[in-house]
**Q** 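Here it is: the structure, laid out below.
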Amino acid sequence: MASHLQGLQSSLTRRACPVSLNQRKSVGASLQRCRQHRVVVASAAADGQSYMDRDRAANKKLQALKERAKQHLASILEQQAAASSSGNGSSRSSSSSGAVDTAELRAKLENAIRVMQTGLVERETEVRLLMLAAMCREHILLIGPPGTAKSEVGRRLSQLIQGAYFERLLTRFSVPEELFGPLSMRALEEDKYVRQTRGYLPDAQVAFIDEIFKANSAILNTLLTILNERLFDNGSQRVKVPLVTLVGASNELPESEELDALYDRFLLRKEVKQVTVAGLTQMLDYYAGNSYDDGDSVTPSSSRGARSTTIQVDPSARLTMDDFQQTRTSALAAVRVPQHVIQLLADLRSYLQEKVEPPVYVSDRRLVKAVALMQVAAYCNGRDSVSEYDCLLLEHVLWQSPEHAPKIADWLLAQLAVDDGMKQVTYLLKGLFGRACRSLGGVTEPIGAIREECGQLRGLLAAKLTQINTNLEGGFPVVLDNLWLGREEGEAVAAALVPKLQKTKVAVEQLLFEVATLEVALEDNSDAVTLANLMPKHWADFIRNSPMDEVKPIGTTPLRI
């Protein structure tokens, strides 16, 4: 267009044609517009070139920051792997919990469990729960048909600790004298109502009462006081009883409401079933004398094929009364209960009372005792903090009917698979990202404080990753090495949780990379736009959830009109 106008002007000049003043003005105006257009085009081209250069520089810086973040993550993972390898085998406990020195107590308990299980087929869980009840100074209820070794486990515990043992079968016609001792004739002559308790329940350290729910009202009140307060009213005196634990057995659940208080006194409950077909041959071989091992701690009798239940234990490995009396006190003082475990317990009660039909009532007393039981369980495992995996024991604590137990177990496994801890970490990271954006956008908050919190969050994630790798590579020791879970029970839990752990590991590594990226951006003192490009998902959440008066100076450039 410009060349055409210039040609037109030259042609007119050469021809020397008379041109009017208006024509000359029109041509001049056209030429001026062409010159201005050429200047604008050239300026736009220069600006475009400058923008492309800036864009290339920004992309180059962005890639450099991403590479630094990857290197930072690699360094974190390398340090975590070194810490994990150096810590393997040093402790049985979870890396998220500290350790307490209970190695000697644990060794005694392991030996006691092994000895008590000798000759008892498919009774591993019952034995472990009985030992846990004794360490907590609580009571255990065994529900099942006759002839399933319910009384045998109680007898073995009394032999193990060499304590006074009391055993009785109740009927509807049982009288208090059968449990608490006969009245003293000499005391009656002096108008005193005193019982001779020697050899009876008030004198026992371990007791077994079969058909416990046959207790009538004449027995019930005194029995409740012994079970809960460890006190016995003998005449005008209230005396302490040395009872460590009472094993109650019944073929059926209580039907009368007046027995509800007695039922609630048994913190641990276990349904005892007949030996399976696979275990039956093993049991018959043992008692037929076909599988005797010289290393067994149960001595065979002189007659072939019979077995004695006399327990032989090395005195140095024997549990003492001090162990039973002091463990609970020591555990309550040394073991803390994290908030997420308390919340899990509260959610479980809500589930049982609101979601299960018919609702499962869980008393406040049972919940408080359940927390103490988990503290003792963690303490005996050498930990100073209750783990969420200790909550697996609640399967044997909170049910009212045996069919509730698998529902509790399934709910607990589902909650452990959710891993609320990762949700909390994600929320923390979003908060740090938002504060970093505000700080880089001009809001006055020290960058150093945000960096420090990023470092703390990184340490938390690294510890979580160490725990996960320990469980995956070491065969899930937090479950399989748990003193109170049987081998088959532990293997079933581990098999259910391993897929969850693998997914959690991927999530933790991704969160670690995001934390590393944020740390690198803060160290570089990057602007908010660079931070948005580095972590676009977090930026989108920040934009979506932040007030616009906070977002505008960071995410937009004011237009100049």
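Predicted, not measured: the structure shown is a model, and the values here were computed from it. We count residues from 1, following the sequence as given.
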**Q** Are any non-hydrogen side-chain atoms of Leu485 and Tyr389 less than 4.5 angstrom apart?
**A** no
**Q** Under 4.5 Å between any side-chain heavy atoms of Lys240 and Leu231, yes or no?
**A** yes
**Q** Determine yes or no for a side-chain-to-main-chain donor-acceptor pair under 3.5 angstrom, with Thr225 supplying the side chain and Asn221 the backbone.
**A** yes
**Q** Using a 4.5 Å cut-off on heavy atoms from C-beta on, say whether the side chain of Trp484 contacts that of Met135.
**A** yes
**Q** Is it true that, when you exclude Glu229 itself, more than 12 heavy atoms of the residues, nucleotides or ligands shown sit nearer than 6.0 Å to its CD?
**A** yes
**Q** Is the shortest side-chain heavy-atom distance between Gln502 and Val498 below 4.5 Å?
**A** yes
**Q** Between Tyr165 and Gly154, what is the shortest heavy-atom contact and its length?
**A** CE1-O, 3.7 Å
**Q** Taking Asp364 first and then Arg349, would you say they form a salt bridge - that is, a charged N and a carboxylate O separated by under 4.0 Å?
**A** yes
**Q** Taking the basic N atoms (NZ, or NE/NH1/NH2) and the acidic carboxylate oxygens, is any pair closer than 4.0 Å for Asp210 and Lys150?
**A** no
**Q** Measure the acute angle between the ring planes of Phe166 and Tyr200, then classify it against the limits of 30° and 60° as parallel, tilted or perpendicular.
**A** tilted
**Q** Can you tell if the side chain of Gln117 reaches within under 4.5 Å of the side chain of Glu124, non-hydrogen atoms only?
**A** yes
**Q** Any chance CD of Gln237 has more than 12 other-residue heavy atoms, nucleotides or ligands included, within less than 6.0 Å?
**A** no
**Q** Is the closest basic N to carboxylate O distance between Arg155 and Glu167 below 4.0 Å?
**A** yes
**Q** Report the distance from atom CG of Leu188 to atom CZ of Arg186, rounding to the nearest 0.5 Å.
**A** 12.0 Å
**Q** For Leu394, which of Leu367, Leu373, Leu348, Val362 qualifies under side chain to side chain contact (heavy atoms under 4.5 Å, CB included)?
**A** Leu348
**Q** Is the side chain of Glu395 donor-acceptor paired with the backbone N or O of Ala409 at a distance under 3.5 Å, no angle test?
**A** no
**Q** Would you say the side-chain atoms of Thr320 and Asp323 include a donor-acceptor pair closer than 3.5 Å?
**A** yes
**Q** Evaluate side-chain contact (heavy atoms from CB on, under 4.5 Å) for Leu344 paired with Gln415, printing each intermediate quantity in order.
**A** CA-CA 8 Å; Leu344 183 65; Gln415 297 306 305; 3.7 Å; yes
**Q** Set out, in order, the CA-CA distance, both residues' side-chain angles and the distance that settles side-chain contact (heavy atoms from CB on, under 4.5 Å) for Ile140 and Leu132, then state yes or no.
**A** CA-CA 9 Å; Ile140 182 170; Leu132 178 58; over 6 Å; no
**Q** I'd like to know if the side chain of His139 reaches the main chain of Leu246, judged simply by a donor and an acceptor atom lying under 3.5 Å from each other, with no hydrogens or angles considered.
**A** yes
**Q** With the side chain counted from C-beta on, respond yes when Lys505 and Leu465 share a heavy-atom pair under 4.5 Å apart, and no when they do not.
**A** yes
**Q** Where do Leu227 and Leu262 come nearest, in terms of heavy atoms and distance?
**A** CD1-CD1, 3.6 Å
**Q** Return the CG to SG distance between Leu345 and Cys391, rounded to the nearest 0.5 Å.
**A** 6.5 Å
**Q** Cation over ring, Arg366 on Tyr361, under 6.0 Å and within 45°?
**A** no
**Q** Is there a donor-acceptor pair under 3.5 Å between the side chain of Arg137 and the backbone N or O of Arg328?
**A** no
**Q** Compare all side-chain heavy atoms of Leu141 with those of Leu268 and state whether any distance is below 4.5 angstrom.
**A** no
**Q** To the nearest 0.5 Å, tell me how far Met131 CE sits from Leu109 CG.
**A** 5.0 Å
**Q** Using side-chain contact (heavy atoms from CB on, under 4.5 Å), reason through Cys380 and Thr102 one step at a time and then give a plain yes or no.
**A** CA-CA 6 Å; Cys380 293; Thr102 57; 5.9 Å; no
**Q** Quick check for you: to the nearest 0.5 Å, what is the distance between Ile219 atom CD1 and Leu224 atom CG?
**A** 11.5 Å
**Q** Below 4.0 angstrom, N of the basic side chain to O of the carboxylate: do Glu403 and Lys407 qualify?
**A** no
**Q** If you count heavy atoms of other groups shown closer than 6.0 angstrom to CD of Gln274, is the number above 12?
**A** no
**Q** Phe180 and Leu223: which non-hydrogen atoms are nearest, and at how many Å?
**A** CZ-N, 4.0 Å
**Q** Can you confirm whether the side chains of Asn381 and Arg106 place a donor and an acceptor under 3.5 Å from each other?
**A** yes
**Q** Do Arg195 and Glu177 sit within salt-bridge range, that is, some charged N less than 4.0 Å from a carboxylate O?
**A** yes
**Q** Compare every heavy atom of Ala494 with every heavy atom of Val479, then report the nearest pair and how far apart it is.
**A** CG1-N, 4.3 Å
**Q** Does the Glu388 side chain pair with the main chain of Leu416, one donor and one acceptor, at a distance under 3.5 Å?
**A** no
**Q** Could you check whether any side-chain N or O of Arg156 sits under 3.5 Å from a backbone N or O of Met116, counting only pairs where one atom can act as donor and the other as acceptor?
**A** yes
**Q** Can you check whether Ala405's main-chain N or O pairs, donor with acceptor, with Arg269's side chain at less than 3.5 Å?
**A** no
**Q** Please report the interatomic distance CH2(Trp399) to CG(Leu253), rounded to the nearest 0.5 Å.
**A** 6.0 Å
**Q** Working note: Val386 + Gln375, criterion side-chain contact (heavy atoms from CB on, under 4.5 Å); need CA distance, chi angles, decisive distance, verdict.
**A** CA-CA 6 Å; Val386 174; Gln375 287 178 282; 4.0 Å; yes
**Q** Of the non-hydrogen atoms in Pro406 and Pro402, which two are nearest, and what is the gap between them?
**A** CD-O, 3.4 Å
**Q** Taking C-beta and beyond as the side chain, do Ile408 and Val397 meet within less than 4.5 Å on heavy atoms?
**A** no
**Q** What are the two closest heavy atoms between Leu201 and Ala207, and how far apart are they?
**A** CD1-CB, 3.6 Å
**Q** Would you give the length of the straight line joining atom CG of Leu157 to atom CD of Gln159, rounded to the nearest 0.5 angstrom?
**A** 10.0 Å
**Q** Checking Arg365 side chain against Asp264 main chain: does a donor-acceptor pair fall under 3.5 Å?
**A** no
**Q** Would you find a donor on one side and an acceptor on the other, under 3.5 Å apart, between the side chain of Ser184 and the backbone of Ala187?
**A** yes
**Q** Would you say Ser330's side chain and Thr327's backbone share a donor-acceptor pair under 3.5 angstrom?
**A** no
